[in-house]
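Right, one structure below, let's go through it.
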Amino acid sequence: MSDTLGECLKPAAIDREARVRFVATHILPHEPGLRGWLARLGVRPSERDDVVQEVYCRILRLDALDHIADARAYLYRSARNIVLEQMRRNRVVSIATMQNLDELGVADEGPDPEAATSTRAELTRALHLIRGLPERCRKVFELRRIHGLSQMETARALRVSENVVEKETARGLSLILKRMSETKGGHVAD
């Protein structure tokens, strides 16, 4: 991600002032809604700032703006694409974020339907395995891996020691991996 606005303004096909005016008039008013949307999507606050900044940079880098018929839709579509790019790069993604992506209702320019179906099936399987964990283990695992809480935050929320959180997280992962290795044909073994 770019650190300064100057780095975002390199193309000269339209002047800098016109791009900045466009962003200030047509994009900036939608930023609070975009931030709320990103929060509902499950994007962490620090990552929301990065996504918003990257959207602005990409818009400010455009050679032309006349192809943008609906600035709000363009803003949200750009943010969604950035989130998807980050997810592909990170390879470790919050399950809540994955679930929320399905609910967006925005046209997907991502993977083909077969890959999406396969990914959804894997997610459903993972959620099923998590639900099958012993209660305390499940709660710890959900707070740590789904909601992204730190070990200390999880310990506070559940009123247990950080050592318990560490052990239950490892236990949950071990149980899930064991169950995955016991599955046949993509269905969880009973």
Discussion item. Please evaluate residues R171 and C137 with respect to the criterion side chain to side chain contact (heavy atoms under 4.5 Å, CB included), reporting the C-alpha separation (whole Å), side-chain torsions for both, the decisive distance (0.1 Å), and the verdict.
Written reply: CA-CA 7 Å; R171 178 179 173 217; C137 183; 4.1 Å; yes

Fill in: L173 CG to L129 CG distance, which is reported to the nearest 0.5 Å
11.0 Å

Worksheet entry | pair I68-L62: side-chain heavy atoms closer than 4.5 Å | yes

Practice prompt. Verify the cluster assignment for L34 and I27: are they in a single hydrophobic cluster under the rule of side-chain heavy atoms below 4.5 Å apart?
Written response: yes

Worksheet item: Would V43 and L143 show up in the same hydrophobic cluster when neighbours are defined by side-chain heavy atoms closer than 4.5 Å?
Response: no

Item to complete: Calculate, to the nearest 0.5 Å, the distance between atoms OG1 and CZ belonging to T154 and R145 respectively.
Response: 9.5 Å

Fill in: Euclidean distance, T169 OG1 relative to E142 CD, rounded to 0.5 Å
11.5 Å

Discussion item. Closer than 3.5 angstrom, by distance alone: can the side chain of R19 be matched with the main-chain N or O of L60 as a donor-acceptor pair?
Written reply: yes

Discussion item. Give me the atom names and distance for the closest heavy-atom approach of A24 to P29.
Written reply: O-CD, 3.5 Å

Worksheet item: Quick one: are L158 and V164 in side-chain contact, heavy atoms under 4.5 Å?
Response: no

Item to complete: For R58 and I82, run side chain to side chain contact (heavy atoms under 4.5 Å, CB included): C-alpha distance rounded to whole Å, both residues' side-chain angles, the deciding distance at 0.1 Å, then the answer.
Response: CA-CA 10 Å; R58 288 184 183 189; I82 291 166; 3.4 Å; yes

Fill in: By ring-ring contact (aromatic ring centres under 6.0 Å, His included) - contacts of H26 (at least two apart)
F22

Practice prompt. Considering non-hydrogen atoms only, spot the tightest contact between P134 and L175 and give its length.
Written response: CD-CD1, 3.9 Å

Discussion item. Is the shortest side-chain heavy-atom distance between I130 and I146 below 4.5 Å?
Written reply: yes

Discussion item. Could you see if L41 belongs to whatever hydrophobic cluster contains L84? Use Ile, Leu, Val, Met, Phe, Trp, Tyr and a side-chain cutoff under 4.5 Å.
Written reply: yes

Discussion item. Quick check: do R125 and H128 have side-chain heavy atoms less than 4.5 Å from each other?
Written reply: no

Worksheet item: Where the side chain of S174 meets the backbone of A170, is there a donor-acceptor pair that is under 3.5 Å apart?
Response: no

Fill in: Distance under 6.0 Å and angle within 45° of ring axis: R80 vs Y76
no

Worksheet item: Measuring from R21:CZ to L65:CG, what's the distance to the nearest 0.5 Å?
Response: 10.5 Å

Worksheet, complete the sentence: Heavy-atom nearest pair, W37 first then A79, reads CZ3-CB, 4.0 Å

Worksheet item: So if you build clusters from Ile, Leu, Val, Met, Phe, Trp, Tyr with side-chain heavy-atom gaps below 4.5 Å, do L75 and V51 land together?
Response: yes

Practice prompt. Report the C-alpha distance between R136 and K139 in whole Å, list the side-chain angles of each, state the deciding distance to 0.1 Å, and finish with yes or no for side chain to side chain contact (heavy atoms under 4.5 Å, CB included).
Written response: CA-CA 5 Å; R136 183 170 78 173; K139 286 179 180 178; 5.7 Å; no

Discussion item. Could you see if V140 belongs to whatever hydrophobic cluster contains L127? Use Ile, Leu, Val, Met, Phe, Trp, Tyr and a side-chain cutoff under 4.5 Å.
Written reply: no

Worksheet item: Say you draw a straight line from CG of D50 to CG of L38; how long is it, rounded to the nearest 0.5 Å?
Response: 11.0 Å

Worksheet, complete the sentence: Residues pairing under salt bridge (Lys or Arg N to Asp or Glu O under 4.0 Å) where one sits in residues 152-167, two or more places apart or in two chains, turn out to be none

